[in-house]
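Comments concern the structure below.
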Amino acid sequence: MSSSSASTSEKKPTVIICIGMAGSGKTSFIQRVNSYIHSNGKAGYLLNLDPAVSQVPFGANIDIRDTVNYKQVMKEYNLGPNGGILTSLNLFTTKFDQVLDFIEKRSKEVDYILLDTPGQIEIFTWSASGAIITDTLAASYPTVVAYIIDTPRSTSPATFMSNMLYACSIMYKTKLPFVIVFNKTDVVSHDFAVEWMTDYESFQNALQDNTTYMGSLINSMCLMLEEFYNSLKVSGVSAVTGEGMDEFFDILKDSVKEYETEYKPELERMIKAKVITIIIHNNNNNS
Ligand SMILES: Nc1nc2c(ncn2[C@@H]2O[C@H](COP(=O)(O)OP(=O)(O)OP(=O)(O)O)[C@@H](O)[C@H]2O)c(=O)[nH]1
């Protein structure tokens with residue numbers, strides 16, 4: 001195992017992987033987090049993993065666009081926009097060991113590593129490349145997923161539920177500490193969302209007008225998600241005004257503890273089990 005392995009106890013930067021639908025405010029949130037950490041005398045290391053973005057408002061330390069040209073990839077492989085993003089991410093991931101080296105060299109000076117991902121969520125969360133990037137970072141550094149939600153666009157129960165189902169699937173896929181970040185609270189407070197997540201009846205009331213099949217489906221899904229809601233950490237922020245950032249960082253601290261006490265031991269257990277399997281396999285082959 002390298003010096004950045006999960007078993008070393010030196011202080012390591014926290015990785016925040018920002019995931020969210022297009023326009024939810026991932027990039028703005030990263031920009032805000034970066035300025036917040038700077039104002040607290042901390043340093044960040046920023047990665048842009050969206051090859052199709054035209055402008056990155058923060059100075060990315062590593063930018064996928066420096067490695068792959070998304071438009072050229074589309075042309076060369078005759079792909080549409082999503083195929084172009086996926087292939088660009090795949091090409092970038094083949095060089096991720098070099099990215100890890102860069103990060104490791106800076107890891108003693110930085111406190112946070114921030115990842116901006118493509119708005120086409122599934123390209124990152126359901127691709128082999130996304131899993132490789134997430135897993136390799138999480139094997140070396142305390143890693144937390146920040147799932148960014150556009151609060152004003154989630155005030156209808158149906159949209160809210162779609163977003164929650166997405167979040168649920170990503171949380172169970174990555175198995176990493178997970179923070180739901182309700183963004184744009186300068187436009188709409190996230191109080192309604194917290195209420196829907198903690199009080200089943202209030203969500204039912206909001207659904208009252210929806211007497212369609214979809215309404216009853218959403219209703220039963222809400223019951224199913226109770227367990228998921230209980231394990232969630234929720235934060236409300238405005239990437240524009242900076243409100244809610246103190247609370248987000250408090251939650252982040254708890255999430256890092258969760259990584260240390262739950263994710264890391266499980267990872268070490270899996271590595272041990274794999275090593276034992278390999279030893280047994282080799283012994284069987286040799287005998
Ligand atoms: N009012 C308000 N607007 C915001 C906030 N955060 C982001 N926005 C706006 O929302 C829009 C999308 O923000 P981005 O940060 O580009 O969102 P994104 O998720 O990175 O978008 P993609 O790169 O398309 O995935 C922009 O017009 C932002 O100015 C916020 O906290 N409050």
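Just the heavy atoms: all of them, side chains too, but no hydrogens, waters or symmetry mates, feed the values below. Indexing begins at 1, ligand by ligand and atom by atom, following the structure's order. Everything numeric here is computed off the predicted structure, so don't read it as measured data.
When distances from atom 26 (C) of ligand 1 to the protein are checked, no heavy atom turns up under 4.0 Å. Under the 4.0 angstrom criterion, atom 17 (O) of ligand 1 counts as having a protein heavy-atom contact.
Other residues, nucleotides and ligands contribute only 12 or fewer heavy atoms inside 6.0 Å of the CD atom of E201.
Residues Y36 and F29 place their aromatic rings such that the two centres sit no closer than 6.0 Å. A centroid separation of less than 6.0 Å is found between the aromatic rings of F249 and Y112.
For a threshold of 3.5 Å applied to N or O pairs, the pair formed by V53 and ligand 1 contains no separation below that value.
A heavy-atom separation below 4.0 Å is found between G23 and ligand 1. Using a non-hydrogen distance threshold of 4.0 Å, N183 registers as a contact of ligand 1. Using a 4.0 angstrom heavy-atom cutoff, M21 counts as in contact with ligand 1.
Below 4.0 Å from some heavy atom of A22 lie the following atoms of ligand 1, by number and element: 24 (O), 25 (O). Taking a cut-off of under 4.0 Å to the non-hydrogen atoms of G119, the atoms of ligand 1 that pass are 25 (O). Taking a cut-off of under 4.0 Å to the non-hydrogen atoms of D186, the atoms of ligand 1 that pass are 1 (N), 2 (C), 30 (C), 31 (O), 32 (N). The V187 neighbourhood of ligand 1 comprises atoms 1 (N), with distances under 4.0 Å to a heavy atom of that residue. Listed by atom number, the atoms of ligand 1 under 4.0 Å from S28 heavy atoms are 6 (N), 7 (C), 13 (O), 14 (P), 15 (O), 28 (C). Counting the atoms of ligand 1 from 1 in the order shown, those under 4.0 Å from a heavy atom of S24 are 19 (O).
For the pair V144/Y259, no side-chain contact is recorded, criterion being any heavy-atom separation below 4.5 Å from C-beta on. Put simply, the side chain of L165 reaches to within 4.5 Å of the side chain of L225, judged on heavy atoms.
Residue T27 touches ligand 1 through backbone and side chain together, judged by heavy-atom distances below 4.0 Å. Residue-level proximity to ligand 1 for V240 is carried by backbone and side chain together, each with a heavy atom below 4.0 angstrom.
The closest non-hydrogen atom to atom 10 (O) of ligand 1, taken over Q120, K184, R153, comes from K184.
With hydrogens and angles left out, the side-chain atoms of T27 and D116 include a donor and acceptor closer than 3.5 Å.
Here the closest non-hydrogen pair linking L207 and P157 is CD2-CB, 3.9 Å.
Between F160 and F182, the ring planes are parallel. Angles under 30° get that label, and only those over 60° would be called perpendicular.
Note on V187: it clusters hydrophobically with V234, by side-chain heavy-atom contacts below 4.5 Å among ILVMFWY residues.
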